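Working notes, beginning with the structure itself.
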There are 2 protein chains.
Amino acid sequence: MTVSKTAEKSSDKPADVAKGRKDASEPQAEALQLGELSEQLGYVLKRAQLKVFENFLRCMASLQLTPAQFSVLLLVEKNPGRNQTEIASTLGILRPNFVAMLDNLESRDLCARIRSTNDRRSHILVLTDKGKAVLARAKKLVATKHEARLNDLLGQANREALIGMLAKIANEF
Amino acid sequence: MTVSKTAEKSSDKPADVAKGRKDASEPQAEALQLGELSEQLGYVLKRAQLKVFENFLRCMASLQLTPAQFSVLLLVEKNPGRNQTEIASTLGILRPNFVAMLDNLESRDLCARIRSTNDRRSHILVLTDKGKAVLARAKKLVATKHEARLNDLLGQANREALIGMLAKIANEF
DNA sequence: GATATTTGGTATGGTCCATAACAATTATCA
DNA sequence: TGATAATTGTTATGGACCATACCAAATATC
């Protein structure tokens with residue numbers, strides 16, 4: 001069977017598909033059947049990630065921090081004395097793309113590049129005082145408004161199980 | 001304290017941060033401390049999603065189907081007689097961006113747009129025979145090579161729990 | 001000391017995502 | 001009925017993110 005573009009006498013499977021949904025049998029726009037899609041790992045994973053990022057941005061609106069920027073500040077705080085390549089690579093950010101990110105954070109006086117005295121090629125990354133203060137506030141916002149939402153939704157035990165499974169996927173898939 | 005760009009006499013917190021990691025105390029490039037990052041929902045979620053998509057693309061290399069294209073085929077198969085706006089919106093795809101996607105699938109003879117006889121504005125979407133065949137093969141590949149990997153990694157029970165929690169986040173977060 | 005490697009950076013292109021605008025068609029309703 | 005509003009598919013366009021090639025300065029290697 002070949003598909004006819006104009007569907008002249010299309011008495012196909014379920015009572016003329018080419019007519020579309022406008023039979024009197026259906027009152028309004030009924031929802032589509034997701035079917036196997038709702039069981040697809042990638043699909044549900046992507047949609048959850050979008051919702052989580054969306055919520056993250058709302059919670060951080062006052063601080064104007066994206067998830068990526070937040071992760072940079074967290075990593076720099078935890079690992080002082082590291083250069084751009086090290087920070088970027090552990091976050092999965094390519095060095096060229098990391099430059100603009102740092103330009104942004106540095107222009108807002110949240111972190112600073114310091115030329116290393118050992119290897120004068122590399123820039124050591126450090127949080128400024130303002131950066132530390134902003135990160136502290138960000139952590140509280142994330143904990144109270146963002147991560148807490150997961151507990152309300154799943155419960156403490158399930159939350160930890162979820163994070164654990166996601167981490168396992170991220171590392172071993 | 002203000003950050004000095006050149007770090008002249010920077011005897012700061014932990015033994016000269018500005019020197020960077022080049023002390024003889026550490027043999028090579030030791031891994032950074034992820035710290036609280038590994039507990040951040042968004043971080044671990046995003047990284048898991050990237051890994052899963054990456055694996056999906058590898059499994060589908062022979063069929064050249066992206067996750068988004070696969071989801072379109074699945075949804076069209078499950079919901080024959082729907083138009084572009086309906087399919088696109090339930091997938092979270094904006095109509096303008098859906099055009100190129102359909103152009104691609106149609107040029108490969110996987111699906112077809114049929115002008116509706118009820119509403120001559122809308123294009124009814126249908127899978128071609130080749131589209132149905134490709135989708136069938138894709139489903140098998142996904143089931144055996146992709147989703148099965150989750151069972152090996154988490155086990156059947158955990159897999160279902162994970163999907164359930166992600167769906168809940170996607171819908172109620 | 002000549003060569004290779006590393007680091008931060010620029011330039012550039014691709015893909016995905018979002019908005020505005022438009023023609024054709026249909027719905028609304030005075 | 002006919003004027004107006006809304007909808008559908010589409011184009012154009014810009015932004016955000018991601019990936020590659022390439023470069024100068026500095027360092028490592030031999």
Side-chain angles (χ1 to χ4, degrees), chain A residues 5 18-22 28-29 42 46-47 49-51 53-54 56-57 64-72 76 81-107 111-126, chain B residues 5 18-22 24 28-29 42 46-47 49-51 53-54 57 64-69 71-72 81-107 111-126:
Chain A
K5 282 296 209 178
K19 282 172 46 180
R21 296 291 152 144
K22 278 301 172 54
Q28 303 190 14
K46 176 74 178 183
R47 297 205 81 111
Q49 183 257 318
L50 288 176
K51 275 290 187 71
F53 269 44
E54 188 182 316
F56 185 97
L57 288 175
Q64 285 287 92
L65 281 184
T66 69
Q69 291 168 335
F70 179 67
S71 69
V72 170
V76 171
R82 299 298 193 145
N83 62 24
Q84 295 185 198
T85 332
E86 292 172 307
I87 298 291
S89 74
T90 72
L91 287 177
I93 305 175
L94 294 175
R95 276 93 55 184
N97 301 328
F98 196 46
V99 175
M101 261 192 85
L102 274 186
D103 289 346
N104 181 357
L105 294 176
E106 204 174 19
S107 73
C111 80
R113 307 182 225 221
I114 305 181
R115 178 138 271 129
S116 168
T117 56
N118 276 343
D119 187 341
R120 294 179 41 214
R121 292 170 297 186
S122 58
H123 287 170
I124 299 308
L125 297 184
V126 174
Chain B
K5 281 296 211 179
K19 282 171 49 180
R21 296 293 152 141
K22 277 305 173 52
Q28 302 190 15
K46 176 74 177 183
R47 296 205 81 108
Q49 182 258 320
L50 288 176
K51 274 292 187 70
F53 270 42
E54 189 181 318
L57 288 175
Q64 285 287 89
L65 281 184
T66 70
Q69 292 169 335
S71 68
V72 169
R82 299 297 192 146
N83 61 24
Q84 296 186 197
T85 333
E86 292 172 307
I87 298 291
S89 74
T90 72
L91 287 177
I93 305 175
L94 294 175
R95 275 93 55 187
N97 300 328
F98 196 47
V99 174
M101 261 190 84
L102 274 187
D103 288 346
N104 181 357
L105 293 177
E106 204 173 20
S107 73
C111 81
R113 308 181 226 222
I114 304 181
R115 178 140 271 128
S116 169
T117 56
N118 276 342
D119 186 341
R120 293 181 39 216
R121 294 170 296 184
S122 57
H123 288 169
I124 298 308
L125 297 184
V126 174

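Computed from a predicted model, the values in this text were never measured in an experiment. Worth knowing before you read on, the calculation uses all heavy atoms, side chains too, and leaves out hydrogens, waters and symmetry mates. Note on naming: letters A, B, ... go to the chains in the order of the sequence lines (proteins, then strands), and numbering restarts at 1 for each one.
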* Structure fact -> Closest of dG9(D), dT7(C), dT26(C) to the Thr85(B) side chain is dG9(D)
* Take the protein atom CG of Asp119(B) and the nucleotide atom P of dA24(C), then report the distance between them rounded to whole Å. => 16 Å
* Structure fact -> Between CZ of Phe98(B) and P of dT11(D) the distance, given in whole Å, is 14 Å
* Structure fact -> note: Ile87(B), atom CD1; dT8(D), atom C1'; distance rounded to Å ~ 14 Å
* **4.5 Å side-chain heavy-atom contact, Pro67(A) and Leu57(A)** => yes
* To do: Could you tell me which residues satisfy side-chain contact (heavy atoms from CB on, under 4.5 Å) with Glu54(A), sequence neighbours excluded, listed by chain and number?
  => Lys51(A), Arg58(A)
* Between Val99(A) and Leu50(A), who's closer to the 5' end of DNA chain C by nearest nucleotide? -> Val99(A)
Between the protein and nucleotides 18-20 of chain C, which nitrogen or oxygen pairs come in under 3.5 angstrom?
from    : atom 1 : to       : atom 2 : distance (Å)
dA18(C) : N7     : Asn97(B) : OD1    : 3.3
dA18(C) : N7     : Asn97(B) : ND2    : 3.0
dA18(C) : N6     : Asn97(B) : OD1    : 3.1

* To do: Using atom CE of Met101(A) as one end and atom P of dT10(C) as the other, report the distance to the nearest whole Å.
  => 16 Å
* Think Arg121(A) has a side-chain N or O under 4.0 angstrom from the OP1 or OP2 of dT27(D)? -> no
* **Euclidean distance, atom CG of residue Leu125(A) to atom C1' of dT7(C) [Å, nearest integer]** => 12 Å
* To do: Could you tell me whether a side-chain N or O of Arg115(B) sits under 3.5 Å from a main-chain N or O of Arg120(B), the two making a donor and an acceptor?
  => yes
* Who passes ring-ring contact (aromatic ring centres under 6.0 Å, His included) against Phe56(A), sequence neighbours left out? -> Phe70(A), His146(A)
* **Under 4.0 angstrom between Arg95(B) side-chain N/O and dG9(D) OP1 or OP2** => no
* Give the rounded distance in Å between these two atoms: CG of Asn104(B) and P of dG14(C). => 16 Å
* Asked: Does Arg113(A) have a side-chain nitrogen or oxygen under 4.0 Å from the phosphate oxygens OP1 or OP2 of dG9(C)?
  -> yes
* Distance in angstrom units between Asp103(A) CG and dG9(C) P, rounded -> 7 Å
* dT7(C), dG9(C), dT11(D): which one has an atom nearest the side-chain heavy atoms of Gln84(A)? -> dG9(C)
* Protein-nucleotide distance (Glu86(B), atom CD; dT7(D), atom P), rounded to Å -> 13 Å
* Just do the side chain to side chain contact (heavy atoms under 4.5 Å, CB included) check on Leu102(B) and Ile87(B) with the steps written out, would you? => CA-CA 11 Å; Leu102(B) 274 187; Ile87(B) 298 291; over 6 Å; no
* To do: Output the single nucleotide from dT27(D), dT10(D), dG9(C) whose closest atom is nearest the side chain of His123(B).
  => dT10(D)
* Structure fact -> The residue among Gln84(A), Arg113(A), Arg82(A) that forms side-chain hydrogen bond (donor to acceptor under 3.5 Å, both in side chains) with His123(A) is Gln84(A)
* Asked: Under 3.5 Å, is there a donor-acceptor pair between the side chain of Arg47(B) and the main chain of Leu91(A)?
  -> yes
* To the side chain of Arg120(B), which of dT26(C), dT10(D), dT8(D) is closest? -> dT26(C)
